[in-house]
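Here's the structure we're looking at; comments come further down.
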2 protein chains.
Amino acid sequence: MQKPKIRTMEKLSSEIGVSRPTLSRFFQDPTSVRTSTRARIENALQTVDYVPNFFATKMNRKSSGLIGVIVPHLNDLFFSGLIEAIETSALAADYMVITQNSHNDPALEAQAARNMIAMGADGVIMAPIGDASSIDALSRLKQERPMVFVDSRLQDHFQDVDFIGTDNQQSIGLIVDYLCRSGEPPAFLAMPNLNSNNLEREQAYTSRMHELGHEPMVIPRSTNGETLGFEEYAYRLMDAYFSHGNLVDQTILCANDRLAIGVIRAANRHSLFGTAGKDPSRFRVAGHDDYPLSAFVFPSLTTVTQNTQAIAEAATGQLLRHIRREDRIEDAVSLTFDAELRLRDSA
Amino acid sequence: MQKPKIRTMEKLSSEIGVSRPTLSRFFQDPTSVRTSTRARIENALQTVDYVPNFFATKMNRKSSGLIGVIVPHLNDLFFSGLIEAIETSALAADYMVITQNSHNDPALEAQAARNMIAMGADGVIMAPIGDASSIDALSRLKQERPMVFVDSRLQDHFQDVDFIGTDNQQSIGLIVDYLCRSGEPPAFLAMPNLNSNNLEREQAYTSRMHELGHEPMVIPRSTNGETLGFEEYAYRLMDAYFSHGNLVDQTILCANDRLAIGVIRAANRHSLFGTAGKDPSRFRVAGHDDYPLSAFVFPSLTTVTQNTQAIAEAATGQLLRHIRREDRIEDAVSLTFDAELRLRDSA
DNA sequence: TCTAATATTTTACGCGTGTTAAGAATGGGA
DNA sequence: TCCCATTCTTAACACGCGTAAAATATTAGA
């Protein structure tokens with residue numbers, strides 16, 4: 001059960017009786033050696049413990065076979081789902097994924113970008129923190145490696161970087177239309193932090209409301225919510241409103257489902273969805289993203305989908321295309337996926 | 001804005017006018033060089049783009065400064081929270097974290113274990129898949145690197161590996177006691193997959209029920225739920241029961257909160273929590289873990305906490321202790337954290 | 001059996017940095 | 001000014017494997 005451990009390819013080659021370069025080729029592609037030799041090597045590997053040194057294999061090579069993924073944080077099922085889907089796609093193309101978490105800290109994000117350069121990642125898929133991101137570090141990364149933004153994108157210096165995400169104009173338009181034709185026009189609850197999604201969604205809401213002849217109403221941000229989870233932020237904010245009897249007959253469209261989940265909790269606390277013997281108010285909530293748990297809250301959340309799977313696959317595909325051909329002359333691609341309505345019980 | 005790019009330490013040294021070994025020492029510890037030289041180097045680095053090659057730095061070194069984390073999947077806020085907390089702890093100790101996702105696939109888990117050896121990780125924190133895990137690959141890892149299990153542990157060959165997690169005996173006892181004294185004794189809903197937590201919690205439930213003089217009742221597993229999310233699995237299973245009028249007056253204790261969230265949805269669908277003009281049934285649900293969203297479902301979920309933060313910190317600390325001193329003679333540690341009741345509205 | 005094609009081995013160098021030892025330079029204090 | 005302790009430079013080797021070119025062995029085909 002305790003197989004002898006071989007630490008270098010050199011020793012392994014003398015052990016098996018095959019030259020080291022042959023072993024090297026075997027590990028890169030077993031079919032590149034004669035079948036009889038392959039059998040000999042594979043047999044020997046059964047009786048011995050050997051793992052090629054990861055760093056040494058990447059040293060003197062043009063391609064590292066690594067794809068980097070940088071996300072602003074992990075405590076969000078959208079990002080964890082995105083990573084899983086990227087990993088699956090990348091694995092299918094024989095790439096290994098290295099994930100770095102920014103922890104919402106621009107300094108860590110910059111460090112992550114440096115790590116990607118240092119590890120010779122063939123390309124990087126990045127969901128940036130937002131307007132706090134380090135322009136310097138990311139510009140550096142951009143000009144050293146093929147790169148693709150997902151979920152949210154950066155302005156100004158990054159217009160030449162591909163983007164894969166949701167068409168907020170379309171998705172917000174869809175849900176605003178629905179809410180307006182099925183009841184009162186909605187107010188809008190934005191995220192506490194700033195990124196392109198938040199801005200785009202708020203703008204999409206405002207312009208769509210104007211088009212429909214309604215006056216938009218954006219609920220003022222709370223100033224001290226940066227550190228809270230979205231649910232908690234929305235819960236506290238709305239609980240304060242409801243406690244004063246404000247917004248209790250409103251329809252509220254949230255910039256994402258996690259906010260909506262917090263709003264629903266606050267609404268339940270104030271019995272806005274009705275209780276036995278009391279008339280239900282006209283309160284409604286809708287979200288955006290189709291967060292995995294949105295179907296499980298009560299009332300289940302009406303929202304628009306965000307196709308994580310498709311975004312991840314498209315991002316990986318687009319990045320691999322960049323990696324394979326060297327020409328970066330073409331214009332930046334902006335690939336957005338249309339959302340679909342998920343009508344449930346909250347609106 | 002476009003700084004010249006230096007690709008090797010060699011060129012950087014001739015650029016600055018400092019020898020390469022001095023630079024090498026500077027990058028490992030800036031205080032190890034004279035203040036005047038440090039200033040010179042730091043100044044030069046402002047005007048130049050240079051990032052040390054990650055692989056080369058790790059090549060000829062005893063310690064890689066890397067800590068590996070292997071999780072069975074990412075689509076779970078418990079694991080994503082665990083990873084974030086481990087990253088924070090490790091960062092504070094100047095370690096970099098490499099995360100590998102098993103995707104619930106024993107082959108991928110085995111590959112992840114090999115990768116940790118290949119990358120010379122100083123130690124590995126592992127949340128195993130469960131009884132499907134590859135004994136071979138993990139034994140190999142265990143005897144090559146310091147290792148710590150979190151969340152769930154493996155049996156038989158891994159009794160000598162430290163474990164950090166929740167004391168299921170205590171936590172399940174706590175919630176069973178509460179449920180029994182506040183209403184009907186609970187039935188138990190287990191997870192569809194097999195790991196030590198699942199087994200321990202079921203056993204803890206059974207034995208505690210016996211101690212209290214009640215007959216335990218474990219709801220039979222559904223056979224085809226391995227691929228579903230916990231929520232969906234529980235929802236479908238319980239929806240089937242409720243549709244036939246079964247278990248509608250029960251109290252159900254779930255092996256984890258995600259199951260409970262699915263149960264709550266099914267119960268809502270069948271109005272088991274009461275509706276206007278109808279008597280509420282005596283249906284109750286409780287969970288285990290205090291999943292981040294458990295407070296936001298309706299009715300909010302009564303559960304017992306699992307201290308992710310503490311588990312992560314203890315695991316990192318324990319691993320670092322192993323890494324620092326070489327003696328592995330001592331007995332394996334089993335560090336479990338007590339749970340606390342979180343009484344909310346579902347039971 | 002012989003030749004050509006293919007596969008493998010030998011040999012040698014390269015990747016970028018860690019690390020060591022010996023000698024040279026520097027700085028501070030007496 | 002001189003001496004000693006630091007700090008630095010120089011030179012060299014190490015890490016484990018990729019890679020290329022030339023030499024050699026093997027195999028297939030006639």
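Residue numbers start from 1 in every chain, and the chains themselves are labelled A, B, ... in the order their sequence lines are given, proteins ahead of strands.
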Interatomic spacing from CD in A/E10 to OG in A/S13 - rounded to 0.5 Å: 5.0 Å
Phosphate-side-chain proximity, B/T37 and D/dC8, N/O vs OP1/OP2 below 4.0 Å: yes
CZ on B/F54 to CE on B/M96, rounded to 0.5 Å: 4.5 Å
Euclidean distance, atom CZ of residue B/F26 to atom P of D/dT9 [Å, nearest integer]: 14 Å
Touch class at under 4.0 angstrom, heavy-atom based, for B/G120 against every strand present: nothing
Footprint string (nucleotides 15-27 of chain C, 5' to 3'): B base within contact, S backbone only, - free, heavy atoms under 4.0 Å: BBBBB------S-
Distance in Å, A/S89 OG paired with A/E84 CD, rounded so as to fall on 0.5 Å steps: 11.5 Å
Rounded distance [0.5 Å steps], CD1 in B/I323 versus CG in B/D122: 5.0 Å
salt_bridge(A/R140, A/E144) N-O dist < 4.0 Å: yes
